[in-house]
Protein chains: 2
Amino acid sequence: MTLSEEDYIKAIYHLGSGKEQPISTNAIAVQMETKPSSVTDMLKKLSGKNMVKYKKYKGVSLTEHGELTALSIIRKHRLWEVFLVDKLGFAWDEVHEVAEQLEHIKSDKLIDKLDTYLGNPRVDPHGDPIPSKEGEFKKSVKKLISELPLGSEGVCVGVNDSSAAFLKFLDKNGISLGDTLKILEKEDFDGSVSIEVNNKEMRISDQIASNLFLEVLEKN
Amino acid sequence: MTLSEEDYIKAIYHLGSGKEQPISTNAIAVQMETKPSSVTDMLKKLSGKNMVKYKKYKGVSLTEHGELTALSIIRKHRLWEVFLVDKLGFAWDEVHEVAEQLEHIKSDKLIDKLDTYLGNPRVDPHGDPIPSKEGEFKKSVKKLISELPLGSEGVCVGVNDSSAAFLKFLDKNGISLGDTLKILEKEDFDGSVSIEVNNKEMRISDQIASNLFLEVLEKN
DNA sequence: ACAAATATTTAGATTTGTCTAAATTTATAT
DNA sequence: ATATAAATTTAGACAAATCTAAATATTTGT
């Protein structure tokens, strides 16, 4: 697989994830920031390598083989992201570009050892799931803390209310986007929630809980 | 710089290191496992980018700019090798191929952070020096322990006497190629040497010291 | 249903890095 | 010194990945 082929496979995967109908040439061209004619050329090539099912004018979808390839690339990308954030101290929102390069490094042994070294993480710094070596993974969903059941664990990925006051509150309490957060207790009385972030336990009000999004793994 | 350009620059650097006369087209072709005509094409291209001084039929040498580029690539290669061995647990003799890929990753911030994370190592797992960000580095030489002065510190890189008995001795005493070794004391009387390896102190006979090569940094 | 709009593919050109074969330059040996 | 050998460059071709422009297929609106 060339670098370019891998990028196309990944793009098709991201466009087609979950959906049933095939992906259009145009959609791929937009995603890859290239021309539809270039996409057509590549689709023929990938079809010849059994990575995609391609019917002229009818769009394209990944074969079993293509999907496993995509998942292997995504696995590498996300493991490298964990490395960059957890080990090298990058911020969660500045790792994508470098991981786009690192995901193309070819060495199964490297990825196995990296996975072990990182403690076999299940999610990347954005809360997205990391596929296993065999290509299995749980989907993730973005939900408000207030919508999640007790015991949920996820990554802070966004806020509903981006007012300066709210962001300041988060900052003051040492909560940053990218942090892992666990729901310990919920108070029916006032909707307040006990959480654990960065090894600290704290209680947040219903108002906070209704404004902070967590990316959590679906429970199968 | 493309991947291919970087590989040529590195090859020219390795062939020309220290020598005064320019590098021949043929030598580069052998090193790169390619045809002389391909080399000629690339030399024209690199010359246009001010990376090499090239005179038809007269060979080539790196410009200042080309040399700094080479050193930056070597820096990246060797830092990644340290990472693979120290952090991921690769053996010192199985990292080269992966490092050849990793050295092309483009991100100054990544290399800065990696360097810090690894504790600013001065040598790679083969005992070769790691150039600084500015392209400065001490040369290294391969010498027998018996030839080195007190206080020398280096990496075990080879043996003079590869007899089964000698290799077995090293193994039994927990000395492997790639280990860092320090010379603590030398006994004039019998030529025996006190050394530190893997946080253990031990005494080796003159016979051992005359058969084990260390790669050490030159003292300027 | 069919003309117009949109999407897709084909044809032909371009760039990068490579190759072989032929031409040219430099080195060597008597 | 000059013929021969060796090294190097040039010329022309090729594969990968891209592009533009033209041709063709599909979809949509009335």
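In what follows, chains are A, B, ... by sequence order, proteins preceding strands, each numbered from 1.
- The only member of E97(A), E103(A), H104(A) that meets side-chain contact (heavy atoms from CB on, under 4.5 Å) when paired with E100(A) is E103(A).
- With sequence neighbours left out, the ring pair (Phe, Tyr, Trp, His ring centres under 6.0 Å) criterion links Y8(A) to no other residue.
- Look at E6(A) and K106(A) and you find a salt bridge, because one of the NZ, NE, NH1 or NH2 atoms lies within 4.0 Å of a carboxylate O, short of that distance.
- Atom NZ of K56(B) and atom P of dA11(D) are 8 Å apart (whole Å).
- The phosphate of dT10(D) (OP1 or OP2) has a side-chain N or O of K44(B) nearer than 4.0 angstrom.
- For the pair L46(A) CG and dA16(D) P, the computed distance is 13 Å after rounding to whole Å.
- The stretch residues 32-42 of chain B touches DNA chain D through P36(B), S37(B), T40(B), each having a heavy atom under 4.0 angstrom from the strand.
- Counting to the nearest Å, the P atom of dT18(C) and the CG atom of D7(B) are 9 Å from each other.
- Atom CG of L43(A) is separated from atom C1' of dT10(C) by 14 Å (rounded to the nearest Å).
- The shortest distance between the side-chain N/O atoms of Y54(B) and the OP1/OP2 oxygens of dT9(D) is below 4.0 Å.
- One finds no side-chain N or O of Y57(A) lying less than 4.0 angstrom from the OP1 or OP2 phosphate oxygen of dA23(D).
- Remark: the Q31(B) side chain and the H14(B) side chain contain no N/O donor-acceptor pair separated by less than 3.5 Å.
- At whole-Å resolution of the value, CD in E5(A) and P in dT18(D) are 10 Å apart.
- A search for ring pair (Phe, Tyr, Trp, His ring centres under 6.0 Å) contacts involving H96(B) returns H77(B), not counting sequence neighbours.
- Ranking dA7(C), dA7(D), dT9(D) by closeness to the N26(B) side chain, first place goes to dA7(D).
- Side-chain atoms of N26(B) and S24(B) form no donor-acceptor pair, as typed in the model, at a separation below 3.5 Å.
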